[in-house]
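Residue numbers start from 1 in every chain, and the chains themselves are labelled A, B, ... in the order their sequence lines are given, proteins ahead of strands.
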Protein chains: 2
Amino acid sequence: MTEESTSRDAAAAPPSGKERRAGARPTLADIAQAAGVTRMTVSNALNGRGGVSDDMRERIREIAREKGYVTNWVAKKLSDSRSGSETGIIGVIAEIHTPFMGEVVSAISGAVRDQGRDMLVYSLPDPGKSFPGNVLDLLLHAVDGVIAVIPRDTRDFHMLAAAGVPMVVVDPLKETIDMPSVAADSYGGACCAMRHLIELGHRKIAFLAGEARRLSAQERLRGYRDVLREAGLAYRAEYVVEAGFLPEPARPATEGLLALDDPPTAIFAGNDASALSAISTIEQAGLSVPEDISVVGFDDVSLASQARRGLTTIRQPFADIGAAAVQLLLDLRAGDPEAATRHITLPVELIRRETTAPPRGDGLRR
Amino acid sequence: MTEESTSRDAAAAPPSGKERRAGARPTLADIAQAAGVTRMTVSNALNGRGGVSDDMRERIREIAREKGYVTNWVAKKLSDSRSGSETGIIGVIAEIHTPFMGEVVSAISGAVRDQGRDMLVYSLPDPGKSFPGNVLDLLLHAVDGVIAVIPRDTRDFHMLAAAGVPMVVVDPLKETIDMPSVAADSYGGACCAMRHLIELGHRKIAFLAGEARRLSAQERLRGYRDVLREAGLAYRAEYVVEAGFLPEPARPATEGLLALDDPPTAIFAGNDASALSAISTIEQAGLSVPEDISVVGFDDVSLASQARRGLTTIRQPFADIGAAAVQLLLDLRAGDPEAATRHITLPVELIRRETTAPPRGDGLRR
DNA sequence: CTGAAAGCGCTAACAG
DNA sequence: CTGTTAGCGCTTTCAG
């Protein structure tokens, strides 16, 4: 009897009998049985692997379709682990809700797609908390590599790298200089922004400093100081205030600047978010930009050009950053020995728009 | 000769010998061997499953740590498939780069975390293209369910649902009304915005229509028309222009409105992105908001309050939307029969800020 | 061109 | 408390 039901897959008991528990997805075996062949044949047919006659393949495909078969990704991956094949998916760790990150993630998305891969984004949990284990494990086993955009917790981050996951960092932190990275030329951009302001005639230039952990923030500060010195201008501690690359802290920071006995005639903001916030603060104080105070940002997020007054800023080559990060990751994965210590810096560009002008009443260089 | 090199893995080269190929991650067996116990014991020890003496457990943990053991997520998942346990990971499909989506995704992120789960975001590829197979499969097998925020291609989307993946839609499309969904009360919000304008004395109100596929866009238009009627105002076709919920198309749309023989005194924009763009366009035309023209948005994305002139808008309860979506997904997964047809609509709220005022020279209702 | 055997790394279910 | 036996669903040998 049992024999029969096994050998016999032809006509009988379909309404119930042999079916798997409800909700279970059909497996290779199910459709093989229905087609009257082995699982291997089905596998070969479905994956276009050859060794199957054309009509058989067509027939199998048809059955698979109507049964709603989808290959079990997990099983496939486990099986493939022997031959070490790729999944075609790249993991991205980022905080997607800030404008800068958004631009970077979009760029990576495009680059990944150009390479015929795909990506999954993991948005970090609260600062200080480490990754939940399951996501970490998933990342460890389900993706070909990870691109991290400003990780909060570098511990897990190093852990991933130690476990052998190819990994590249965009806009690195102090703690991640030991990993391959991609970043825009923050120092060069800062110098460029500062020289622009100085050429316009500004002598009193403030700086809205960014998140200190980020190398880019440090580099921009360095550029600020160096150009000041190069122009023979003194560094004034009261002109450098923390704004953490965020709009909220930029507001009181700017107010503090305006309240100074000798307020600046220009502000170089560490990034666009703080620049936009600074402008809004200045205007609320009854002054205008750029007539009373010039402002330069950094990043050129899409918002910068959409603002009522186009923001003069330093453009980050987002598309190039994304492409470089993906390429670096692929090289790394391919075993390129030199890739592991590669740090790519991409050139930036000054975009002059409407928030910078010569300081008030300054016809001539004094 | 060749023979020799083949056979010769025996004694000679063995700085190592028994070790697995370099780069391979240690498995349960490896650490079991090192500890002199069985794989099961290690598994039990590492997963705190009981049945292991305390010092043995400690010893095993130590060995695992130094060997850099991490549990193979894929293998675990495959094994678990029998008992149908959860992964604790929720998939989110969205286009993360628009402000609205960003807010929604952030909100979902928070809600997911409150539930002790985590999420992975898949950002959609180009319109019209279907999901790449591997991501689809991954989603199918690696997550407990999927929350979709405005899918582009609903075909794959339905496919996922058909394959038995619990799924909820945020801000649904016409094509997805058959799936459980969560949305803000667009109709109510639109009515609210319109009444606000009318109470202020406006009689000539234009509408920047949103992306037509989205139910929310249709509902806002319906609210616009209904309130017009309710106030005894005529519907004027030239006052309703397409802006697709995006900043770029909103610009020419607004210019068209300003160029009308009888331009509106107020604009109700389908969302904040188009509202902000409209304001910028109006100001560039030498007019001012709200003195010459009032503008109301919809969404209350964080940008709305940061604008130089705070945007009057309809606030979406993002946090509630995220929480509701996650809860609905969990209910669905838990098998709640009624959840499959649940459509949740959340109340919205008018936020009066600085972009609305009575129309110029309108002291009295004429 | 198709079938049988073995195994990827892990865990549930019973033995000892 | 520890060890053994099976098997998740798929793929890579290697025969037929």
Side-chain angles (χ1 to χ4, degrees), chain A residues 6-7 20-21 23-33 35-60 64 67-87 133-134 137-138 140-142 163, chain B residues 20-21 23-33 35-60 64 67-87 133-134 137-138 140-142 163:
Chain A
T6 303
S7 63
R20 316 178 129 244
R21 48 202 153 29
R25 290 193 257 273
T27 97
L28 267 193
D30 293 323
I31 107 111
Q33 183 179 0
V37 294
T38 339
R39 297 181 326 196
M40 263 330 293
T41 309
V42 178
S43 175
N44 288 332
L46 260 24
N47 296 347
R49 237 183 321 243
V52 187
S53 64
D54 282 5
D55 29 345
M56 179 51 107
R57 155 168 302 130
E58 211 24 74
R59 170 138 170 274
I60 290 178
K67 288 221 170 202
Y69 173 81
V70 295
T71 118
N72 184 324
W73 185 89
V74 174
K76 180 174 171 51
K77 182 78 175 77
L78 180 59
S79 178
D80 282 349
S81 66
R82 228 175 322 190
S83 35
S85 66
E86 313 194 340
T87 63
N134 44 6
D137 290 344
L138 178 55
L140 222 42
H141 294 279
Chain B
R20 316 175 131 246
R21 46 202 155 26
R25 289 193 256 274
T27 98
L28 268 193
D30 293 323
I31 106 112
Q33 182 179 0
V37 294
T38 340
R39 297 182 324 198
M40 267 326 296
T41 307
V42 178
S43 175
N44 288 331
L46 259 24
N47 297 2
R49 237 183 321 244
V52 187
S53 64
D54 282 5
D55 30 344
M56 180 50 107
R57 156 166 303 132
E58 211 23 75
R59 172 141 167 271
I60 291 178
K67 288 220 171 200
Y69 174 81
V70 295
T71 118
N72 184 325
W73 186 89
V74 175
K76 180 175 172 51
K77 181 80 176 77
L78 180 58
S79 178
D80 283 348
S81 67
R82 225 173 328 187
S83 35
S85 67
E86 313 193 341
T87 63
N134 44 7
D137 290 343
L138 177 54
L140 222 42
H141 294 278

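- Between dT11(C) and Lys76(B), a contact under 4.0 Å exists linking OP1 or OP2 to a side-chain N or O.
- The CG atom of Asn72(A) sits 14 Å away from the C1' atom of dG7(D) (whole-angstrom rounding).
- Taking atom CZ on Arg59(B) and atom P on dC1(D), their separation rounds to 17 Å, with Å as the unit.
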Step-by-step side-chain contact (heavy atoms from CB on, under 4.5 Å) determination, Asp54(A) to Arg57(A): CA-CA 5 Å; Asp54(A) 282 5; Arg57(A) 155 168 302 130; 4.1 Å; yes

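- Within the 3.5 Å criterion, the main-chain N or O of Lys76(B) finds no donor-acceptor partner in the side chain of Ser79(B).
- For the OP1/OP2 pair of dC10(C) and a distance below 4.0 Å, the side-chain nitrogens and oxygens of Tyr69(B) include at least one atom meeting the criterion.
- Whole-Å rounding puts the Met40(A) CE to dG9(D) P distance at 17 Å.
- Computed from coordinates, the Leu28(A) CG to dT12(D) P distance equals 12 Å when rounded to whole Å.
- Between the CG atom of Asp30(B) and the C1' atom of dG9(C) there is a distance of 11 Å, given to the nearest Å.
- A donor-acceptor pair is defined here as one N or O able to donate and one able to accept, closer than 3.5 Å; such a pair exists between the side chain of Thr27(B) and the backbone of Ala29(B).
- Mapping Met56(B) and Val74(A) onto DNA chain D by nearest heavy atom places Met56(B) at the nucleotide closer to the 5' end.
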Residues Tyr69(B), Val42(B); criterion side-chain contact (heavy atoms from CB on, under 4.5 Å); working and verdict: CA-CA 11 Å; Tyr69(B) 174 81; Val42(B) 178; over 6 Å; no

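- Taking the nucleotide of DNA chain D with the nearest heavy atom to each of Val37(B) and Asn44(A), the more 5' of the two is matched to Val37(B).
- Following rounding to the nearest Å, Leu78(B) (CG) and dT11(C) (C1') show an atom-to-atom distance of 10 Å.
- Listed candidates were dC10(C), dC10(D), dC8(D). Nearest to the side chain of Arg39(A) is dC10(D).
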side-chain contact (heavy atoms from CB on, under 4.5 Å) assessment of Arg25(A) paired with His141(B): CA-CA 10 Å; Arg25(A) 290 193 257 273; His141(B) 294 278; 3.6 Å; yes

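- Closest approach of Asp30(B) and Pro26(B) over heavy atoms only: OD2-CA, 3.3 Å.
- You'll find that the side chain of Ser53(B) is closest to dC1(D), out of dC8(D), dC10(D), dC1(D).
- Of the candidates dA4(C), dT2(C), dT11(C), the closest approach to any side-chain atom of Asn47(B) belongs to dT11(C).
- OP1 or OP2 of dG3(D) has at least one side-chain nitrogen or oxygen of Thr38(B) nearer than 4.0 Å.
- We find that CH2 of Trp73(A) is positioned 19 Å from P of dC8(C), with the value rounded to whole Å.
- Distances shorter than 4.0 Å separate some side-chain N or O of Thr41(A) from OP1 or OP2 on dG3(C).
- In terms of polar N and O atoms assigned as donor or acceptor, the side chain of Ser79(B) comes within less than 3.5 Å of the base of dC10(C) in a complementary pairing.
- Heavy-atom minimum distance, Trp73(A) versus Ala142(A): CH2-CB, 3.4 Å.
- Atom OG of Ser53(A) sits about 8.0 Å away from atom CD1 of Ile60(A), to the nearest 0.5 Å.
- Side-chain N/O atoms of Ser43(A) include none lying less than 4.0 angstrom from OP1 or OP2 on dC10(D).
- For Asp80(A), whose side chain is taken as the heavy atoms from C-beta onward, the closest listed nucleotide among dT2(C), dT12(D), dG9(D) is dT12(D).
- Nucleic acid contact class of Arg49(A) (heavy atoms, under 4.0 Å, all strands): sugar-phosphate only.
- An angle of 40°, rounded to 10°, separates the two end axes of the helix from dC1(C)-dG16(D) to dG16(C)-dC1(D), each defined over five pairs.
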